[in-house]
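What follows is a short report on a single structure.
Along the sequence shown, the residues carry numbers beginning at 1. Values below: every heavy atom of this structure, side chains too, minus hydrogens, waters and symmetry copies. Read the numbers this way: they start at 1 and go in the same order the structure lists the ligands and their atoms.
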Amino acid sequence: MARRIGVLALQGDFAKHAAMLTRLGATALEIRRERQLAGCDALILPGGESTTLTKLLDSYGFYEPIRDFARRRPVMGTCAGAILAAREVDDPRVRPLNLIDISARRNAYGRQVDSFIAEVAAPCLPPPPRFRAIFIRAPQIVRAGPETEVLIFLGPDPVMVRQENILALTFHPELTEDFRIHEYFLAMTRG
Ligand code: GLN
């Protein structure tokens, strides 16, 4: 049976995630109402703008339903989605969901390098050993708690972190032609 993967579609680059999931044979569901979560095996929180997403999550009543979903099912947050999945964020305008024990600092890599690409070592993925990671106004994970596992680093900084069924990454695998991170996430839905 094809996995049914929800992609939060309130704002941001949800369509790129959905396209990648479809190419991998999964059923991608664009989630705009919390009741749609019931039909999903897993959920992706895409990149976008975490301040805007905070307002939308609040007005559509998503906070408790996503927290509840994340107790049972895999959730992956990318970039703004990782900020929302975090336990703490440096910006008081962002209200995180507290799904994974990390602290995030928004836009931490500076204005002049708003966007950059880095070849990061990815021992958690099948070969080749590196992943071309695209960072767009990325947050920095300034703390990863003792229950987390850092799967990918950029220099000293964690950029892909897992805690049980929750995955947070500060870059954008959906903007590449490399499916390995989405495949890794799909494997999490199979237990
Ligand atoms: N800078 C955005 C934020 O802080 C994240 C950017 C992104 O998702 N590409 O929410």
Please table the atom pairs, donor to acceptor, closer than 3.5 Å between any side-chain atom in residues 73-80 and protein atoms at least two apart or in another chain.
unit_1 : atom_1 : unit_2 : atom_2 : d
Arg73  : NH1    : Cys40  : O      : 2.8
Thr78  : OG1    : His17  : NE2    : 3.1
Thr78  : OG1    : Gly47  : N      : 3.4

What are the distances between nitrogen or oxygen atoms of ligand 1 and protein nitrogen or oxygen atoms, counting only those under 3.5 Å?
unit_1   : atom_1 : unit_2 : atom_2 : d
ligand 1 : 1 (N)  : Asn107 : OD1    : 2.6
ligand 1 : 1 (N)  : Arg137 : O      : 3.0
ligand 1 : 4 (O)  : Ser50  : OG     : 3.4
ligand 1 : 4 (O)  : Arg106 : NE     : 2.7
ligand 1 : 4 (O)  : Arg106 : NH2    : 3.0
ligand 1 : 8 (O)  : Gly48  : N      : 3.0
ligand 1 : 8 (O)  : Gly48  : O      : 3.2
ligand 1 : 8 (O)  : Ala80  : N      : 3.1
ligand 1 : 9 (N)  : Ile136 : O      : 3.0
ligand 1 : 9 (N)  : His172 : NE2    : 2.9
ligand 1 : 10 (O) : Ser50  : N      : 2.7
ligand 1 : 10 (O) : Ser50  : OG     : 2.7

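The aromatic rings of Tyr109 and Phe116 stand perpendicular to each other, their planes meeting at an angle above 60°, with 30° marking the opposite boundary.
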TODO: Give the C-alpha distance, both sets of side-chain angles, the deciding distance and a yes or no for side-chain contact (heavy atoms from CB on, under 4.5 Å) between Phe62 and Arg67.
DONE: CA-CA 8 Å; Phe62 265 110; Arg67 281 200 188 107; over 6 Å; no
TODO: Could you go through the side-chain contact (heavy atoms from CB on, under 4.5 Å) check for Ile5 and Ile44 one step at a time?
DONE: CA-CA 7 Å; Ile5 314 298; Ile44 293 179; 4.2 Å; yes
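The ring-ring contact (aromatic ring centres under 6.0 Å, His included) contacts involving residues 80-103 comprise nothing, where partners must be two or more places apart or lie in separate chains.
Grouping Ile, Leu, Val, Met, Phe, Trp and Tyr by side-chain contacts under 4.5 Å, direct or through others, puts Ile134 with Ile117, Ile136, Leu175.
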